[in-house]
Protein chains: 2
Amino acid sequence: METLRRTLHERGFRMTPQRQLVLDAVQRLGHATPEQICGAVQRQAPAVNITTVYRTLDLLERLGVVRHTHLGHGAPTYSAHEHEHVHLVCHRCGEVAEVPTELLDDVARRLRAEYGFRLDATHVALSGACSNCADEADATDATEEDR
Amino acid sequence: METLRRTLHERGFRMTPQRQLVLDAVQRLGHATPEQICGAVQRQAPAVNITTVYRTLDLLERLGVVRHTHLGHGAPTYSAHEHEHVHLVCHRCGEVAEVPTELLDDVARRLRAEYGFRLDATHVALSGACSNCADEADATDATEEDR
DNA sequence: ATAACTGCAAAAGTTTTGCAATCGG
DNA sequence: CCGATTGCAAAACTTTTGCAGTTAT
């Protein structure tokens with residue numbers, strides 16, 4: 001089990017309580033915006049500044065410890081790098097589901113073959129209507145959505 | 001051919017020169033951010049305010065005339081509703097390619113069947129490395145990317 | 001010791017809002 | 001004419017930057 005301290009030291013960075021708190025929050029929250037992460041951290045250590053959260057997320061991402069995903073609306077969300085999955089975001093209710101990346105294996109293969117494009121399936125979310133909303137809104141046009 | 005004036009009137013909105021200019025710009029530019037659209041509009045009518053561009057894009061989207069797509073980094077991009085396609089964004093060089101939505105037909109079918117999720121293939125972009133960048137950066141990790 | 005790191009305040013960038021003036025139907 | 005629409009200025013957010021003080025090694 002790779003400790004954060006070690007990962008940092010390997011690249012010449014220092015271990016700080018703030019960094020551990022941010023990483024803990026990211027892992028605990030699943031996918032969360034910088035603001036949500038900051039809130040979670042501040043519940044444990046109120047003095048931690050949001051600036052530090054931004055900087056730490058940036059660093060952790062460069063280290064490959066976390067990654068961010070664009071769920072469709074404005075704010076990017078961060079999650080621990082571990083469990084790779086594709087996100088499904090409902091643009092009606094905002095619900096986020098996760099499905100195995102295998103789902104896109106065929107597509108990835110075709111993109112690679114036909115366009116030379118190497119898909120990173122985890123970076124963006126697929127948008128659509130979740131089962132609940134799809135039913136309710138069957139007639140309604142899907143134009144009044146996010147942002 | 002459905003005129004903008006008519007589409008507006010059908011829903012009780014008014015036709016204005018600004019609205020035509022914004023729509024023209026969106027169609028002309030392909031996919032563009034509000035700021036780019038504003039720039040294009042202002043080249044023809046310098047007095048048009050960016051506020052109006054935002055409001056107009058919002059309106060046109062509610063009317064189903066344009067739609068916006070999240071290309072992965074911060075800014076949403078708008079494009080005319082017509083030609084449906086899936087976007088491929090290179091998170092290295094930012095290049096945006098378009099591929100037929102058929103690419104995702106199988107995936108859409110599976111999502112529908114297995115999760116009840118109705119995919120809107122055109123709303124988000126698939127992220128990855130384009131053929132140029134994939135070659136160059138074969139060793140490099142893909143972590144220092146967008147935003 | 002000393003370079004990395006943090007917090008604070010301020011800046012920068014983007015999108016939204018309030019309002020008086022203007023314009024379309 | 002009357003209400004929708006616009007431009008402007010200001011507000012509201014989100015993210016970044018500069019810097020002096022603090023901390024990890």
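Every chain is numbered from 1, with letters handed out A, B, ... down the list of sequences.
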request  = On DNA chain D, check which nucleotide each of B:L8 and B:T51 is closest to and give me the residue with the more 5' one.
outcome  =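 Its nearest nucleotide being more 5', the pick is B:L8.
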ask   = Taking all atoms of both residues into account, what is the closest heavy-atom pair of A:L104 and B:V107, and its distance?
value =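 Heavy atoms of A:L104 and B:V107 come nearest at CD2-CG2, 3.8 Å.
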Can you tell me how far [atom2] of [N] sits from [atom1] of [X], to the nearest Å?
X: B:Q42; N: D:dT6; atom1: CD; atom2: P; answer: 14 Å
X: A:I50; N: C:dA11; atom1: CD1; atom2: P; answer: 19 Å
X: A:Q20; N: D:dT23; atom1: CD; atom2: P; answer: 19 Å
X: B:L60; N: D:dT5; atom1: CG; atom2: P; answer: 11 Å
X: B:Y54; N: D:dC8; atom1: OH; atom2: C1'; answer: 16 Å
X: B:R19; N: D:dT5; atom1: CZ; atom2: C1'; answer: 6 Å
X: B:E10; N: D:dA4; atom1: CD; atom2: C1'; answer: 18 Å
X: A:L59; N: C:dA4; atom1: CG; atom2: P; answer: 12 Å

ask   = Hey, does B:R11 have a side-chain heavy atom less than 4.5 Å from the side chain of B:L63?
value =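 Result yes, sub-4.5 Å side-chain heavy-atom pair found.
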inquiry  = Do B:L23 and B:V65 make a side-chain contact, defined as non-hydrogen atoms from C-beta onward lying under 4.5 Å apart?
reply    =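 Yes, at least one pair of side-chain atoms sits under 4.5 Å.
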ask   = Quick one: what's the B/S/- string for nucleotides 19-25 of chain C, heavy-atom cutoff under 4.0 Å, read 5' to 3'?
value = -----BS
task = Could you go through the side-chain contact (heavy atoms from CB on, under 4.5 Å) check for A:L21 and A:Q44 one step at a time?
result = CA-CA 8 Å; A:L21 286 167; A:Q44 302 180 69; 3.9 Å; yes
ask   = For atom CD of B:E35, is the number of surrounding heavy atoms from other residues, nucleotides or ligands below 6.0 Å larger than 12?
value =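 12 or below, so no.
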key: Under-4.0 Å side-chain N/O to phosphate OP1/OP2 contact, A:Q18 with C:dG7   =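 Affirmative; the distance criterion is met.
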key: Any A:N49 side-chain N or O less than 4.0 Å from OP1/OP2 of C:dT6   =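 Checking A:N49 against C:dT6: no side-chain N or O falls below 4.0 Å of OP1 or OP2.
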task = Measure the acute angle between the ring planes of B:Y78 and B:H68, then classify it against the limits of 30° and 60° as parallel, tilted or perpendicular.
result =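 Aromatic pair B:Y78/B:H68 classed tilted.
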ask   = Is it true that A:R110 and B:D106 make a salt bridge, defined as a side-chain N closer than 4.0 Å to a carboxylate O?
value =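 Judged by the 4.0 Å cut-off on N to carboxylate O distance, A:R110 and B:D106 do not form a salt bridge.
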